[in-house]
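For reference, the structure discussed in these notes is given below.
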Amino acid sequence: MFYIKDIFLNNWDSFVLNNSSSSIRPVVFKEVEKMMHCKDPDLGHALYQCPSCGKFKCVPFTCKSRFCNSCGMKYQQNRALTLYSKLINCKHRHIVFTIPFELRNLFRFNRNLLHLLFKAASQTVLDWFYSQNKSEDFKPGIVCALHTFGRDLKWNPHIHMLITEGATGNFNVWKSFKYFPYNMLRKKWQTTLLFLLEKYLGKSFKPLKNYIYSHTKDGFYVYAKPNLNSNHDVVNYIIRYIARPVMAQSRILNVTSDTVTFWYERHEDNKRVEETISIDDFIKRLIIHIPDEQFKMLRYYGIYAKKHKNSYKLLKKLSTVSYKIRKRLSHWRESIELTFHYDPAKCSCGDIMQFINIFCKKKSLVYSAL
C-alpha cells in the first residue's frame, strides 16, 4: 500500500518551494506538519510496563488532525459518538444540496461563504416545515454536514443533510412527515442561497446571479438518498461523508518520483476511473479540502440544535444511547479496541501493562505515575 504521509514527507518541501508560500493558507502548513509527525515518539509519548515480564511499551502521541488518514478512524468514532448522543430513534431522510459549477470557486477563494451553505440549506427546510402549520411552528431534527470534494478530489462543496421524518410543534409532541417536495426544495434552495450571497457580496454578485437564474430554471440540484431506519444506519451513513479523510489510501494504485495514480468510481455511472496526475497536483487536490481552524463541518438545527418546549418529553421517550456507554467508548483504550479490534494495553505475555510516565516535548516535562 502507498501512504499519503510518505508522499508528503518526500515531496512537501519541494512543493512549498515550487508554490508561493503566501498562496498556502497557514492552517494548511499546520495540519500538514501535524500529519507528517503523527506518532513521532520524539514529540511526545506515554510509557507503559508489564508487571509480569517487565516489558516496556512506548505509545507515541497521535496528531489528531482531520487531515491525517491514521487519525481519521478515531475522529470518525468521536463524530459518531457525538451524533449518537443527539439522535432520536426515528426514521431519517438523507438529502443532498448541491450548487452549480459557476459558484464553486466563490466558496473556494472566500471560505467565509461556506457558512452560507449551512444557513441556506437549513433555512430552506425549516421554512417548509413552518409553512405546514404556522401556529405549530414544527421543528424537525436536522444535521448538516459540509462535503467539499467530489470522487475525483476536485473542489465541489455541497451539503449532506439528515432530517427526521417527523417534527415537534408548539402543541403536538410529535407529528410524522413522510413527504418532502423535492421540486419545491430545489427552487427554494436556489432562491435562498442566491439571496444570501447577494446580501453578503453586494451588487457585484448580481450579474452572476442573473446568469444562474437564466440557466437553472428548475433550481439547484437536490436529491434524496434512501430512507434510514435505525440510528446505527444514520450515523454510519453520514459519517462516511464528514469524518473520513479526503482520500482512502487503498485508492492509490502507484506512486513514482513525480506522479500519483489513483482510482475512483464516477458518480454518473459508478464506472471505475483511473487517473494519473503530478504529485504537485495531487497535493493541491488534497490540501484545498483542509478546513479553516475552528470551522465546524457538522452543524445541528431544529430540535437537535436547541431545546424546544417538548424536547424533554421527546428525547426521554426516544433517546437510545446512555451517557455511561458514550463516556466508556471515549476512553483511549476502549476506543482503539473498538476501532482496530485489539487491546493496546495487553502485553504479549497476556498481562495488562501499567502506565509509568508521559513525556511531552512541547512543555519539556515528564509526568510520572510512580
Side-chain angles (χ1 to χ4, degrees), residues 1-10 12-13 26-85 235-236 239 242-246 248-250 290-291 293-294 296-298 321-370:
M1 178 182 288
F2 299 95
Y3 295 99
I4 290 176
K5 179 178 178 179
D6 293 337
I7 295 174
F8 275 82
L9 284 171
N10 294 331
W12 178 245
D13 289 342
V27 68
V28 171
F29 283 106
K30 180 179 179 180
E31 295 301 313
V32 170
E33 286 295 321
K34 285 167 62 177
M35 180 267 293
M36 291 194 299
H37 293 96
C38 184
K39 297 182 181 179
D40 183 349
D42 290 338
L43 298 181
H45 62 269
L47 189 64
Y48 291 80
Q49 185 179 25
C50 178
S52 297
C53 66
K55 183 178 179 180
F56 287 92
K57 181 176 183 179
C58 174
V59 181
F61 297 154
T62 57
C63 67
K64 299 177 177 61
S65 170
R66 284 184 284 183
F67 186 61
C68 177
N69 283 71
S70 177
C71 294
M73 292 291 287
K74 172 64 176 175
Y75 180 76
Q76 184 176 18
Q77 180 186 306
N78 288 339
R79 292 281 82 187
L81 291 174
T82 301
L83 269 176
Y84 270 128
S85 69
V235 171
N236 287 342
I239 286 298
I242 60 160
R244 62 184 174 90
V246 177
Q249 296 177 134
S250 58
I290 296 176
E293 285 193 273
Q294 306 303 319
K296 296 185 182 299
M297 302 289 284
L298 185 69
V321 180
S322 74
Y323 170 77
K324 289 184 179 180
I325 292 177
R326 296 196 304 272
K327 186 175 181 180
R328 182 181 68 83
L329 291 178
S330 67
H331 187 271
W332 76 275
R333 182 180 168 192
E334 281 82 0
S335 65
I336 290 178
E337 191 169 8
L338 176 68
T339 305
F340 299 106
H341 310 295
Y342 77 94
D343 186 347
K346 191 173 184 178
C347 181
S348 57
C349 72
D351 206 347
I352 300 299
M353 289 188 165
Q354 295 180 354
F355 172 74
I356 301 299
N357 60 37
I358 187 171
F359 169 74
C360 181
K361 184 177 179 180
K362 187 175 181 180
K363 297 181 179 179
S364 299
L365 292 175
V366 174
Y367 301 94
S368 176
L370 301 177

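Hydrogens, waters and symmetry mates are skipped; everything else that's a heavy atom, side chains included, is used.
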Rounded distance [0.5 Å steps], CE in Met35 versus CG in Leu9: 7.0 Å
Which distance, rounded to the nearest 0.5 Å, do you find between the CG of Leu47 and the CE of Met353? 9.0 Å
Interatomic distance, Lys34 atom NZ to Asp40 atom CG [nearest 0.5 angstrom]: 15.0 Å
Close side-chain approach of Phe67 to Val32, heavy-atom, < 4.5 Å: yes
Nearest heavy-atom neighbours spanning Asn69 and Ala248: ND2-CA, 4.3 Å
Nearest non-hydrogen partners of Gln249 and Phe2, listed with the distance: CB-O, 3.7 Å
Shortest non-hydrogen contact between Pro291 and Arg66, atoms and distance: CG-NH2, 3.3 Å
Heavy-atom closest pair (Gly54 atom, Gln49 atom, distance to 0.1 Å) is O-NE2, 3.4 Å
Taking everything shown except Lys57 itself, do over 12 heavy atoms lie less than 6.0 Å from its NZ? yes
Value rounded to 0.5 Å, distance of CD in Glu31 from OG in Ser65: 3.5 Å
Distance-minimising heavy-atom pair for Cys63 and Cys38: N-SG, 3.4 Å
Lys55 side chain near Ser348 side chain, heavy-atom distance below 4.5 Å: yes
Any donor-acceptor N or O pair under 3.5 Å, side chains Ser70, Lys39: yes
Measure across Lys64 and Cys71 and return the closest heavy-atom pair with its distance rounded to 0.1 Å. N-SG, 3.3 Å
Are Cys347 and Cys53 packed together at the side-chain level, in the sense that at least one heavy-atom pair is separated by less than 4.5 angstrom? yes
Is the closest side-chain heavy-atom distance between Phe61 and Ile358 below 4.5 Å? yes
Would you say that Asp351 contacts Pro51 through its side chain, given a criterion of any heavy-atom pair below 4.5 Å between the two side chains? yes
Spacing of Phe29 atom CZ and Ile290 atom CD1 [to the nearest 0.5 Å]: 10.5 Å
If the plane angle is over 60° it's perpendicular, under 30° parallel, otherwise tilted; pick one for His45 and Phe359. tilted
